[in-house]
Participant: 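Let me give you the structure first, and then I'll get to my questions.
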Amino acid sequence: MSPKSKAQSPKRPFVYVNMAMTADGKIATANRTVHSFGSRRDLDHLYELRATADAVMCGARTVEISQTILGNGGEKFRKQRRKLGRSEYNLRIIVSGSGSIDPGARIFKNKFSPIIILTTQRVPANKLARLRELADQVKICGEREINFPAALRWLRAKWKVKRLLCEGGGNLNDALFRAGMVDEIHLTICPKIFGGRTAPTTAEGRGCSRLAGAEGFQIQSIRRFGGELFTVFSSKKRGPS
Ligand SMILES: NC(=O)c1ccc[n+]([C@@H]2O[C@H](COP(=O)([O-])OP(=O)(O)OC[C@H]3O[C@@H](n4cnc5c(N)ncnc54)[C@H](OP(=O)(O)O)[C@@H]3O)[C@@H](O)[C@H]2O)c1
């Protein structure tokens with residue numbers, strides 16, 4: 001890309017990932033039924049981070065399993081949003097490359113803020129039509145996998161998303177890491193061990209096969225509240241481009 005065309009290409013949002021994991025690095029049990037295991041402090045932390053986001057994004061399986069509605073956490077956190085000059089509610093983004101997201105998921109019954117679905121050309125026509133009824137916008141961005149650099153630039157240009165919070169799961173996180181799109185990681189380490197070879201971790205999917213392909217982060221802060229460690233890692237690369 002020439003320096004001129006790079007300067008002209010629209011920016012992507014700042015992307016931060018928030019996850020809770022056990023001391024053995026798991027984000028859920030092997031049977032995936034236990035996905036919420038942090039303290040009340042960790043839940044507040046999640047809503048505090050949402051208050052700093054224009055949009056919150058999750059993968060299809062997380063939306064179905066946790067039945068999250070990606071809300072703002074109520075009046076206390078709504079106030080924080082207002083203080084930060086943000087609208088009352090964050091936008092909600094679901095990633096579903098094949099369009100398999102369950103139309104009965106709780107998120108679709110809660111209409112407080114726009115829902116955007118990112119999908120790919122793999123989505124069958126009947127599913128695409130159904131998703132268009134459920135969401136405020138369905139964006140096809142990619143042939144088989146989401147093209148995240150393009151999708152994120154589109155979110156910024158079309159929906160004015162400057163700060164995008166990703167709340168997993170591991171497959172979505174992995175795609176973002178592989179695309180080099182993650183600027184910051186907020187990781188709460190909880191004093192529990194789940195074990196289980198198939199229990200999911202913060203980054204699942206394909207991962208990388210060479211050390212040189214690993215995304216580099218540095219520790220920004222570590223704080224202890226009660227029995228949990230609240231850590232922040234920042235990307236070694238320089239901000240969104
Ligand atoms: N502890 C925590 O903080 C935390 C947070 C979140 C989730 N979790 C847990 O994590 C588990 C879910 O994680 P998961 O990794 O199985 O699922 P996920 O990442 O939530 O969702 C995976 C789905 O998202 C879509 N997707 C992700 N990346 C894509 C890409 N690059 N291109 C196209 N589509 C893409 C696909 O949907 P389609 O199949 O529709 O194509 C894929 O099957 C659950 O057990 C949940 O409770 C824990």
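Read the numbers this way: they start at 1 and go in the same order the structure lists the ligands and their atoms. Everything quoted here is computed from the prediction, not taken from an experiment.
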Participant: Output the list of atoms in ligand 1 that are nearer than 4.0 Å to some heavy atom of Phe148, sorted by atom number.
Facilitator: 31 (N)
Participant: If you have a sec, work out which protein heavy atom is nearest atom 11 (C) of ligand 1 and how many Å separate them, to one decimal?
Facilitator: Arg32 NH1, 4.0 Å
Participant: Which atoms of ligand 1 sit under 4.0 Å from any heavy atom of Ala175?
Facilitator: 31 (N)
Participant: Any idea which protein heavy atom is nearest atom 13 (O) of ligand 1, and the distance to it?
Facilitator: Gly169 CA, 3.5 Å
Participant: At under 4.0 Å between heavy atoms, is it the side chain or the backbone of Glu167 that contacts ligand 1, or both, or neither?
Facilitator: backbone
Participant: Would you call the rings of Phe217 and Phe177 parallel, tilted or perpendicular, where under 30° means parallel and over 60° means perpendicular?
Facilitator: perpendicular
Participant: Among Arg86, Arg163, Lys162, which one satisfies side-chain hydrogen bond (donor to acceptor under 3.5 Å, both in side chains) with Asp54?
Facilitator: Arg86
Participant: Just to be sure I'm reading this right: ignoring hydrogens, which of His186, Met19, Met57, Arg61 gets closest to atom 43 (O) of ligand 1? Compare them by their nearest heavy atoms.
Facilitator: Arg61
Participant: Assess whether salt bridge (charged side-chain N to carboxylate O under 4.0 Å, His left out) is satisfied between Glu204 and Arg61, documenting all intermediate values.
Facilitator: CA-CA 13 Å; Glu204 295 277 297; Arg61 296 297 83 74; over 6 Å; no
Participant: For atom 29 (C) of ligand 1, what's the nearest protein heavy-atom neighbour? Residue, atom name and distance, please.
Facilitator: Val95 CG1, 4.0 Å
Participant: When you measure from atom 23 (C) of ligand 1 to every protein heavy atom, which one gives the shortest distance, and what is it?
Facilitator: Ala60 N, 3.8 Å
Participant: Can you check whether Phe37 has an N/O within less than 3.5 Å of an N/O in ligand 1?
Facilitator: no
Participant: Which ligand 1 atoms, with their elements, are less than 4.0 angstrom from a heavy-atom of Ala28?
Facilitator: 45 (O)
Participant: Report the part of Ile65 (side chain from C-beta onward, or backbone N, CA, C, O) that has a heavy atom under 4.0 Å from ligand 1; answer both or neither where that applies.
Facilitator: side chain
Participant: Which distance, rounded to the nearest 0.5 Å, do you find between the CG of Leu155 and the CD1 of Ile93?
Facilitator: 4.5 Å
Participant: What are the atoms of ligand 1, with element, lying closer than 4.0 Å to any heavy atom of Ser96?
Facilitator: 37 (O), 38 (P), 40 (O), 41 (O)
Participant: Atoms of ligand 1 less than 4.0 Å from Ser100 heavy atoms?
Facilitator: 38 (P), 39 (O), 40 (O)
Participant: Considering only heavy atoms of Ser98, which atoms of ligand 1 have at least one such atom less than 4.0 Å away?
Facilitator: 38 (P), 39 (O), 40 (O), 41 (O)
Participant: Do ligand 1 and Asn171 have nitrogen or oxygen atoms that lie under 3.5 Å from each other?
Facilitator: yes
Participant: How far is atom 8 (N) of ligand 1 from its nearest protein heavy atom, and which residue and atom name does that atom have?
Facilitator: Ile27 CD1, 3.8 Å
Participant: What is the nearest protein non-hydrogen atom to atom 7 (C) of ligand 1, stated with its residue, atom name and distance?
Facilitator: Thr62 OG1, 3.2 Å
Participant: Between Phe194 and Phe37, what is the ring plane arrangement, given parallel below 30°, perpendicular above 60°, and tilted in between?
Facilitator: perpendicular
Participant: Can you name the nearest heavy-atom pair linking Cys166 to Leu176, along with the distance?
Facilitator: SG-CD1, 3.6 Å
Participant: One pair to check against side chain to side chain donor-acceptor pair (under 3.5 Å): Arg92 and Ser113. What are the steps and the verdict?
Facilitator: CA-CA 7 Å; Arg92 299 172 293 166; Ser113 77; 3.1 Å; yes
Participant: Let me confirm one number: the CG-CD distance from Leu187 to Glu228, rounded to the nearest 0.5 Å.
Facilitator: 11.5 Å
Participant: Considering only the protein, which heavy-atom contact is closest to atom 47 (O) of ligand 1, and what is its distance?
Facilitator: His35 CB, 2.8 Å
Participant: Rounded to the nearest 0.5 Å, how far does SG of Cys58 lie from CD of Glu64?
Facilitator: 11.5 Å
Participant: Give a yes/no verdict on whether any heavy atom in Ala20 is under 4.0 Å from an atom of ligand 1.
Facilitator: yes
Participant: Among protein heavy atoms, which sits nearest to atom 36 (C) of ligand 1, and what does the distance come to when rounded to 0.1 Å?
Facilitator: Gly97 N, 4.1 Å
Participant: Any cation-pi pair here, Arg12 with Phe148, using under 6.0 Å and within 45°?
Facilitator: no
Participant: Examine Leu70 and Leu131 and state if one hydrophobic cluster contains both, with Ile, Leu, Val, Met, Phe, Trp and Tyr joined whenever side-chain heavy atoms are less than 4.5 Å apart.
Facilitator: yes
Participant: Among residues at least two apart in sequence or on other chains, which ones pass salt bridge (charged side-chain N to carboxylate O under 4.0 Å, His left out) with Arg106?
Facilitator: none
